[in-house]
Each structure stands twice: as C-alpha cells, then as structure tokens.
Amino acid sequence: MKLPNRNRNWLKEIKAAYAKAERDVIRDGKDLNDLYIYAVKYVAKNRGINNKDTIREIIQHSFDAIKIDIKNDPESANHHVFHFVSTYIYSHCFADLKDELECDKIMDYVNNEWDLFEN
C-alpha cells in the first residue's frame, strides 16, 4: 500500500490506527500500556506486509526499542501513546520502507501535533 505523502497524512493514518488498536486492547482485555504491540499489526495491514519473517523482524526491533526505553526510564512504561506512535513510525524503518531520518521527521511532526505523553 502507498505511503502517506505528507506529514499530516501520516498523523491522520497513525491516529486511525491508534483508535483501532485502542478498541483491540479493550476487546482483548489488555492494559493500555500494551498498545504498542498492536502498532506492528496495523503497519503490516496498511502496507500490505504479509511476510511472516519481515513481520517478526519488525516486532523484534520495535519491542527491543520499547524495552530499552522502559529500562532507561521506568516511568516511560506509562507513555502508551508515545510508544504506539514511535513503534508505528519506526516499523517503517525496520521494514526498509523509510530511512531513519525520514522517520525522525515524521515523529517530530506527530509529536508537535499530538500530545504523545497524555495518559
């Protein structure tokens, strides 16, 4: 599937994925802090990624990054919006769909437009 061509389109797509993931978390009886787990699911769906090895690799990279963040700052475990968004965006880097600099720019835009640290 085609990548968003503007930062505002990334924001719109990410918010839509977040809303779906939030419903999934409630349906599955999970904690909101587990929202990031669903980010890869929606990246794979939105980009048409079906290769299980690619999805596994994205999951591994994404979850490792979250674990490091929480290890360095245990309070960050409660930043479920931030973790979902960063996992969603940087999954594109791990899938070789975007380079890290592009992901950084998208992350900066989304962070400026959406309070990622609300709880």
Side-chain angles (χ1 to χ4, degrees):
M1 184 178 237
K2 187 176 173 184
L3 293 169
N5 60 353
R6 295 178 182 228
N7 285 339
R8 70 174 178 243
N9 295 339
W10 277 99
L11 178 62
K12 183 178 177 181
E13 179 179 290
I14 294 165
K15 282 189 169 190
Y18 179 87
K20 291 175 187 174
E22 204 170 35
R23 286 192 298 271
D24 289 348
V25 163
I26 292 166
R27 180 197 67 220
D28 296 344
K30 301 259 186 187
D31 188 270
L32 272 179
N33 290 334
D34 293 330
L35 260 173
Y36 72 94
I37 295 168
Y38 295 86
V40 176
K41 170 186 173 181
Y42 286 103
V43 169
K45 181 179 178 183
N46 288 339
R47 300 297 163 251
I49 300 170
N50 298 312
N51 183 294
K52 290 183 181 188
D53 290 334
T54 301
I55 293 169
R56 236 181 303 213
E57 186 176 328
I58 295 168
I59 289 169
Q60 188 63 50
H61 284 295
S62 300
F63 292 8
D64 286 350
I66 299 296
K67 288 177 189 174
I68 290 168
D69 188 37
I70 293 170
K71 182 180 178 187
N72 291 333
D73 178 13
E75 292 294 315
S76 74
N78 296 318
H79 299 153
H80 60 271
V81 178
F82 175 81
H83 287 147
F84 179 88
V85 170
S86 65
T87 299
Y88 191 93
I89 292 170
Y90 288 98
S91 288
H92 290 80
C93 182
F94 303 137
D96 294 325
L97 297 172
K98 287 287 207 187
D99 67 35
E100 191 171 356
L101 183 58
E102 291 174 305
C103 289
D104 289 344
K105 289 177 182 177
I106 295 165
M107 187 69 191
D108 287 345
Y109 177 84
V110 172
N111 191 42
N112 286 329
E113 297 296 317
W114 186 7
D115 182 6
L116 300 182
F117 298 97
E118 67 184 40
N119 282 326

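This is a predicted model, so every value here is computed, not measured.
Contact between Arg47 and Lys2 at its shortest, heavy atoms only, is NH1-O, 3.4 Å. Counting all heavy atoms, side chain and backbone alike, Leu3 lies closest to Leu97 at CD1-O, 3.7 Å. The two residues Val25 and Asp31 come nearest to each other via the heavy atoms CG1-O, 3.7 Å. Across every non-hydrogen atom of Tyr90 and Cys103, the tightest pair is CE2-CB, 3.4 Å.
Classified by interplanar angle (parallel below 30°, tilted 30° to 60°, perpendicular above 60°), the ring pair Phe94/His61 is parallel. Ring geometry, His80 versus Tyr18: the interplanar angle falls under 30°, so the pair is classed parallel (tilted spans 30 to 60°).
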Could you list the donor-acceptor pairs under 3.5 angstrom formed by side chains in residues 108-116, with sequence neighbours left out?
from: Asn112; atom 1: ND2; to: Asp108; atom 2: O; distance (Å): 3.1
from: Asp115; atom 1: OD1; to: Phe117; atom 2: N; distance (Å): 3.2

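Rounding to the nearest 0.5 angstrom, the gap separating the CD1 atom in Ile66 from the CG atom in Asp34 is 11.0 Å. For the atom pair Asn78 CG and His83 NE2, the distance stands at 9.5 Å (nearest 0.5 Å). Summarising the geometry, atom CD1 belonging to Ile106 is positioned 13.0 Å from atom OG belonging to Ser86; distances are rounded to the nearest 0.5 Å. With rounding to the nearest 0.5 Å, the separation of CD1 in Ile68 from CZ in Phe63 is 14.0 Å. Remark: Ile70 CD1 to His79 NE2 distance equals 10.0 Å, nearest 0.5 Å. Rounded to the nearest 0.5 angstrom, Ile89 CD1 and Met107 CE are separated by 5.0 Å.
Within the structure, the salt bridge (Lys or Arg N to Asp or Glu O under 4.0 Å) test picks out the following pairs touching residues 77-100 (sequence neighbours left out): Lys98-Glu102.
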### Task
Begin from the C-alpha positions of Ile58 and His92 and carry the test side chain to side chain contact (heavy atoms under 4.5 Å, CB included) through to its verdict.
CA-CA 8 Å; Ile58 295 168; His92 290 80; over 6 Å; no

### Task
Show the numbers, then the answer: is there a side chain to side chain contact (heavy atoms under 4.5 Å, CB included) between Tyr42 and Ile14?
CA-CA 9 Å; Tyr42 286 103; Ile14 294 165; over 6 Å; no

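Using modelled atom types and a 3.5 Å distance limit, the side chains of Asn9 and Glu13 yield no donor-acceptor pair.
Asn46 is listed as a side-chain neighbour of Tyr88, based on a closest heavy-atom distance under 4.5 Å.
Environment of NZ in Lys15: crowded, with over 12 heavy atoms of neighbouring residues, nucleotides or ligands closer than 6.0 Å. For Arg27, the CZ atom is densely surrounded, since the number of other residues' heavy atoms within 6.0 Å is greater than 12.
Under the salt bridge (charged side-chain N to carboxylate O under 4.0 Å, His left out) criterion, Arg23 pairs with no residue at all, not counting sequence neighbours. With sequence neighbours left out, Lys41 forms a salt bridge (charged side-chain N to carboxylate O under 4.0 Å, His left out) with Asp24. Residues meeting the salt bridge (charged side-chain N to carboxylate O under 4.0 Å, His left out) test with Glu57, sequence neighbours left out: none. With sequence neighbours excluded, the residues that form a salt bridge (charged side-chain N to carboxylate O under 4.0 Å, His left out) with Asp53 are Arg56.
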